[in-house]
A.B. asks: 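Structure below; questions to follow.
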Amino acid sequence: MQKTKFIFVIGGVLSGVGKGVTAASIGRIFKNYGFNVSAIKIDPYINVDAGTMNPVEHGEVFVTEDGDETDQDLGNYERFLDTNLFSTNYMTTGRVYLSVIEKERNMAYKGRCVQVVPHIPMEIIARIKTAAEKTKADVMVVEIGGTVGEYENILFLDAARMMKLDNPDDVVFVLVSYLPIPSHLGEMKTKPTQHAARTLNNCGIQPDFIVARGQFELDQPRREKLAFFCWMQSKEDVISAPDVESIYDIPAVLEKQKFGHLLAKRLKIKLNKRNNSAEWDKFIIKMKSAKKKIKIAVAGKYFATGNYTLSDSYISVIQAVKHAAWSLGAEAEMTWIDSDDFEKDSKKIQELANFDALIVPGGFGTRGIEGIISAIRFARENNLPYLGLCYGMQLATVEFARNVLGLKDAHTIEVNTKTKNPIIHINQLQAQNVSKNRYGGTMRLGAYDCALDENSKTAKLYNMKKISERHRHRYEFNNAYREMIDKAGLKVVGINKEKDLVEIVELKNHPFFVGTQFHPELKSRPTHPHPLFVGLIKTALK
Ligand code: GLN
């Protein structure tokens, strides 16, 4: 295929109904038919990237190989498509405006008056096409964040409309909407979706398909009603997407309604007999047959907003644990422990004995840190399998320095700038970034090589001497303490040779105690679980 086909996924009624997972599932369907698929996420806010946003409000920051701090949906795409995405697969309003303004300053518009329309939609289209070229995609899924009718995404919708006008056979629109069942009625309502379709029409876009999300399956009368009132070509173009047990079931749910064929027909793509689904099918069978329960505690601080607990801030960690557990025939049950609780009540720490493993994920700042350190101590002293991710690695070295090396005031200078034992410190460049408030996109970001100590458990798990993993942090392990911790049993088993930085520590004489300066969870895929998570779960299952 020479020309990229574009599938725009647009939201209606409310956010958080699984638009990203639907987009990823559509992509997976085409991948299973043997196509090269890629995906773009468009976020309508002014932030240039997701790196400066609070994870409780916005969810996890997903870091790409090339070090872009993007939306968590890119993680869904990478997991479903089993492919790496890049900075070009992500854009925000801020990013688009920034480049238009920069071009204007450089006379790139050759003296013309630069206007919101057409220059902003043109920049958006150029970016979508660049991503398609870079990834050599046969099929590019483009998810427009937010919901129709929001002022913020109007220019993105306009860009999509213009692309369809230019190449009607290469662009389709999928409206992912929600059908509520008000408790006093007990009936699924189609009207909000009708309004969403009408609002989309006001933007000059007629949806080709509607994916009707809801608690239950869409029944025939409602399917017909939506098809009629939303001007669909046929009632088959309304796809039912009820709640399911696992997000990974969704490609099959959509395919049962022949969504792949319907999309392909509209885009004038031949599906032929190409079939690439063996790997995915095998994974689904494995997932469905996982029985053994395993209990994992995750201690961190980005869990609560008001009365709700948002595990979205750690979505890649959750998925990595699940992938690894399924691959070993187990179902992971994760419990979120707000590390503040350990500080309020020191006896609470004993509850960790009820778990099969502990994970301390990435984090920033000072709140709940002493609680996390006590949890790590418990894991170290009680042979509880432990995996520390980024901050979880840094704090494991702090704990070790304090309680094994006897350096009582050891700390990361992120929390205590005055400590005499800054086991985690900051380099000059990063110190300048912080002092000048240069926070956006300045951390150590993206993929870095790491050489492994061949005799380590970690190297055996990876079955490799040299690996590459993704980073997102500002502080680093202080090499002045390297020999000391290594000699005392917290082995430095992974280093970045170019910058001479500690990347992995591993405790001697412990069933599993590993800390990584990078984020292995970002590279776990359902079809390729990450070796370190597999190592953790395998030990926990014993
Ligand atoms: N706060 C730590 C740092 O900036 C760790 C970051 C993280 O866990 N992602 O270095």
Side-chain angles (χ1 to χ4, degrees), residues 49-56 58-65 67-72 75 298-303 312-318 320 339 358-373 375-376 386-399 401 410-417 419 422-435 437-448 450 469-479 481 494 496 499 501-505 514-524 530 532:
D49 59 43
T52 50
M53 278 184 279
N54 179 344
V56 175
H58 189 71
E60 167 190 273
V61 176
F62 189 82
V63 183
T64 55
E65 283 288 294
D68 198 5
E69 297 174 278
T70 73
D71 182 78
Q72 56 172 330
V298 186
K301 66 167 191 176
Y302 296 122
F303 300 147
D312 259 13
S313 14
Y314 293 115
I315 182 164
S316 290
V317 178
I318 300 173
S339 52
L358 170 69
I359 293 176
V360 171
F364 295 85
T366 54
R367 182 164 64 80
I369 291 308
E370 290 306 319
I372 292 177
I373 293 173
I376 297 172
Y386 174 73
L387 182 58
L389 310 168
C390 206
Y391 218 4
M393 170 269 195
Q394 297 178 350
L395 296 174
T397 65
V398 170
E399 188 280 317
H411 222 319
T412 163
I413 68 157
E414 179 174 357
V415 180
N416 178 358
T417 47
T419 173
I423 188 152
I424 303 296
H425 68 167
I426 194 165
N427 64 33
Q428 221 176 358
L429 175 74
Q430 288 296 355
Q432 275 174 12
N433 285 335
V434 173
S435 71
N437 290 344
R438 285 193 301 242
Y439 290 113
T442 58
M443 282 190 250
R444 175 147 83 110
L445 292 167
Y448 283 83
C450 168
E469 293 278 6
R470 298 183 199 170
H471 291 250
R472 180 173 185 254
H473 55 100
R474 209 174 288 285
Y475 298 83
E476 302 280 356
F477 181 81
N478 184 345
N479 280 336
Y481 295 88
N496 173 277
K499 294 191 184 302
L501 294 170
V502 172
E503 303 280 39
I504 311 174
V505 294
V514 175
T516 63
Q517 183 57 82
F518 49 80
H519 290 274
E521 70 272 21
L522 299 176
K523 285 178 71 168
S524 172
H530 193 284
L532 286 180

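For ligands, and for the atoms within them, numbers begin at 1 and follow the listed sequence.
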A.B. asks: Which atoms of ligand 1 have any heavy atom of His473 under 4.0 Å away?
C.D. replies: 3 (C), 4 (O), 6 (C), 10 (O)
A.B. asks: What atoms of ligand 1 come within less than 4.0 Å of a heavy atom belonging to Cys390?
C.D. replies: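 Checking each atom against Cys390, I get 5 (C), 6 (C), 7 (C), 8 (O), 9 (N).
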A.B. asks: Go through ligand 1 atom by atom and flag the ones less than 4.0 Å from a non-hydrogen atom of Tyr475.
C.D. replies: 3 (C), 4 (O), 10 (O)
A.B. asks: Using only heavy-atom distances, determine whether the side chains of Thr442 and Arg474 contain a donor-acceptor pair under 3.5 Å.
C.D. replies: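 Yes.
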A.B. asks: Would Ser316 and Glu60 satisfy side-chain hydrogen bond (donor to acceptor under 3.5 Å, both in side chains), going step by step from the backbone distance to the final call?
C.D. replies: CA-CA 8 Å; Ser316 290; Glu60 167 190 273; 2.7 Å; yes
A.B. asks: Within ligand 1, which atoms have a heavy atom of His519 less than 4.0 Å away?
C.D. replies: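 Reading through ligand 1 atom by atom, the close ones are 9 (N).
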A.B. asks: Do Gln430 and Glu476 have side chains that get closer than 4.5 Å, going by heavy atoms?
C.D. replies: no
A.B. asks: Could you check whether the rings of Tyr448 and His471 sit parallel, tilted or perpendicular, using 30° and 60° as the cut-offs?
C.D. replies: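 Correct class here is perpendicular.
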A.B. asks: Please determine whether side-chain contact (heavy atoms from CB on, under 4.5 Å) holds for the pair Glu69 and Leu445, giving the CA-CA distance in whole Å, both sets of side-chain angles, and the decisive distance to 0.1 Å.
C.D. replies: CA-CA 8 Å; Glu69 297 174 278; Leu445 292 167; 3.6 Å; yes
A.B. asks: For atom 9 (N) of ligand 1, which protein heavy atom lies nearest, and how many Å away is it?
C.D. replies: Arg472 O, 2.8 Å
A.B. asks: Is the closest heavy-atom distance from Arg444 to ligand 1 below 4.0 Å?
C.D. replies: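 Per 4.0 Å heavy-atom rule, Arg444 does not contact ligand 1.
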A.B. asks: Please examine the side chains of Ile423 and Phe477, heavy atoms only from C-beta on, and report whether any two atoms are closer than 4.5 Å.
C.D. replies: yes
A.B. asks: Has ligand 1 got any nitrogen or oxygen that is less than 3.5 angstrom from a nitrogen or oxygen of Gln517?
C.D. replies: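 No: no nitrogen or oxygen of Gln517 is under 3.5 Å from one in ligand 1.
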A.B. asks: Where is the nearest protein heavy atom to atom 4 (O) of ligand 1: which residue, which atom, and how far?
C.D. replies: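 Atom 4 (O) of ligand 1 sits closest to the protein heavy atom Arg474 N, 3.0 Å.
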A.B. asks: As an exercise, identify every atom of ligand 1 less than 4.0 angstrom from a heavy atom of Phe364.
C.D. replies: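 So the answer, numbered in order with elements, is 1 (N), 4 (O), 6 (C), 7 (C), 9 (N).
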A.B. asks: Measure the spacing between OH of Tyr475 and CE of Met443 and express it to the nearest 0.5 Å.
C.D. replies: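 If we round to the nearest 0.5 Å, Tyr475:OH and Met443:CE are 10.0 Å apart.
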A.B. asks: Report yes or no: does Asn478 contribute a side-chain atom to a donor-acceptor pair with the main-chain N or O of His425 at less than 3.5 Å?
C.D. replies: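 Checked: no pair found.
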A.B. asks: Find all atoms of ligand 1 within a distance of less than 4.0 Å from any non-hydrogen atom belonging to Gly363, and give their numbers and elements.
C.D. replies: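 Listed by number with element: 1 (N), 2 (C), 5 (C), 6 (C), 7 (C), 8 (O).
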A.B. asks: At a 4.0 Å threshold, what atoms of ligand 1 neighbour a non-hydrogen atom of Glu414?
C.D. replies: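 Near Glu414, the atoms of ligand 1 are 1 (N), 2 (C), 3 (C), 4 (O).
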